[in-house]
Participant: 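Before anything else, here's the structure in question.
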Amino acid sequence: YAPWCAACQQIELAWENFAKESEHLGITVGKVDVTQEPGLSGRFFVTTLPTIYHANDGVFRRYRGSRTLEDLQVYVLERKWKAVEPVAGWRSPSSIMMHGMAGLFHLSGWIRQIHTYLTGTLGIHVWISYAIFFLATLLIGLFLGL
């Protein structure tokens, strides 16, 4: 979820109630703010918000059903998750590829922080910051090419 997401705000009450009922259902319910954990959003390949996953014994399934408390409970109680195709191995959050994707999301956050520091704190013009990143990319490419 993201705090600014209208759809996330719509299901927040149902999700909180689902979390309160989780002990009775024998599950653990959590939520992750993708603005605070960009690596996780990369690892789970989050393209829409909110995104709900069911995880059991290292197998991940994306929940695409109704987001009412009752439907979430039925999904777990009646084991409807067994009928859902697991996330493909290469796209699984525990795969090497998705670890790499998480790294790229972390890198993009780091680059954004550097850009903000250059433009906000040091007062460098935006285009000069872009030129610095262009030159750094070029030099890193040349260095790796050697």
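Both backbone and side-chain heavy atoms feed into the values below; hydrogens, waters and symmetry mates do not.
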Participant: Under a single-linkage definition using a 4.5 Å side-chain heavy-atom cutoff for Ile, Leu, Val, Met, Phe, Trp and Tyr, are Leu104 and Phe45 assigned to the same hydrophobic cluster?
Facilitator: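 Different hydrophobic clusters.
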Participant: Give me the atom names and distance for the closest heavy-atom approach of Pro50 to Ala7.
Facilitator: CD-CB, 3.6 Å
Participant: Looking at CG of Leu72 and OG of Ser22, how far apart are the two atoms once the value is rounded to the nearest 0.5 Å?
Facilitator: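 Taking CG in Leu72 and OG in Ser22, the distance rounds to 12.0 Å.
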Participant: Would you say Phe60 and Val76 are hydrophobically clustered, going by side-chain heavy atoms of ILVMFWY under 4.5 Å?
Facilitator: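 No; tracing contacts between hydrophobic side chains, which count when under 4.5 Å, never links both residues.
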Participant: Before accepting this row, confirm whether a basic side-chain N of the pair Glu85/Arg62 lies closer than 4.0 Å to the acidic partner's carboxylate O.
Facilitator: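 Result for this pair is no, no salt bridge flagged.
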Participant: Would you please test Val84 and Tyr63 for side chain to side chain contact (heavy atoms under 4.5 Å, CB included) and show each step?
Facilitator: CA-CA 8 Å; Val84 176; Tyr63 177 77; over 6 Å; no
Participant: Is there a side chain to side chain contact (heavy atoms under 4.5 Å, CB included) between Thr116 and Ile114 once you walk through the steps?
Facilitator: CA-CA 5 Å; Thr116 302; Ile114 293 172; over 6 Å; no
Participant: Would you say the side chain of Ile11 lies within less than 4.5 Å of the side chain of Tyr1, judging by non-hydrogen atoms?
Facilitator: no
Participant: Taking all atoms of both residues into account, what is the closest heavy-atom pair of Ser129 and Ile124, and its distance?
Facilitator: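 Looks like N-CG2, 4.0 Å.
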Participant: Measuring from Ile111:CD1 to Leu107:CG, what's the distance to the nearest 0.5 Å?
Facilitator: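 With rounding to 0.5 Å, CD1 (Ile111) is 4.0 Å from CG (Leu107).
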Participant: Could you tell me the separation between the CG atom of Asp71 and the CZ atom of Phe18, rounded to the nearest 0.5 Å?
Facilitator: 10.5 Å
Participant: From Glu21 CD over to Leu69 CG, what is the distance, rounded to the nearest 0.5 angstrom?
Facilitator: 6.5 Å
Participant: Count the heavy atoms of every other residue, nucleotide or ligand shown that sit under 6.0 Å from NZ of Lys31, and state whether that count exceeds 12.
Facilitator: yes
Participant: With sequence neighbours excluded, tell me which residues meet ring-ring contact (aromatic ring centres under 6.0 Å, His included) with His115.
Facilitator: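 Result, ring-ring contact (aromatic ring centres under 6.0 Å, His included) vs His115: Tyr130.
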Participant: Is a side-chain N or O of Asn17 found less than 3.5 angstrom from the main chain of Leu13, in a donor-acceptor match?
Facilitator: yes
Participant: Please state whether the rings of His54 and Tyr75 are parallel, tilted or perpendicular, taking 30° and 60° as the class boundaries.
Facilitator: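 Plane angle over 60°, so perpendicular.
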Participant: Kindly give the heavy-atom pair with the smallest separation between Leu118 and Leu122, and that separation in Å.
Facilitator: O-CB, 3.4 Å
Participant: Identify the two heavy atoms, one from Leu25 and one from Gln73, that lie closest to each other, and give their separation to 0.1 Å.
Facilitator: CD1-CG, 4.2 Å
Participant: Thr35 versus Trp4: any side-chain heavy-atom pair under 4.5 Å?
Facilitator: yes
Participant: Taking the six-membered ring for Trp, is the centroid-to-centroid distance between Tyr53 and Phe44 below 6.0 Å?
Facilitator: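 Yes; Phe44 has its ring centre under 6.0 Å from that of Tyr53.
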Participant: What is the distance from atom OG1 of Thr68 to atom CH2 of Trp15, rounded to the nearest 0.5 Å?
Facilitator: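 Taking OG1 in Thr68 and CH2 in Trp15, the distance rounds to 12.0 Å.
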Participant: If hydrophobic clusters are built from ILVMFWY residues whose side chains come within less than 4.5 Å, do Val87 and Ile52 share one?
Facilitator: no
Participant: If you count every heavy atom of other residues, nucleotides or ligands that lies below 6.0 Å from Tyr117 atom OH, does the total exceed 12?
Facilitator: no
Participant: As an exercise, state the distance from CG of Leu49 to CD of Gln9, rounded to the nearest 0.5 Å.
Facilitator: 11.0 Å
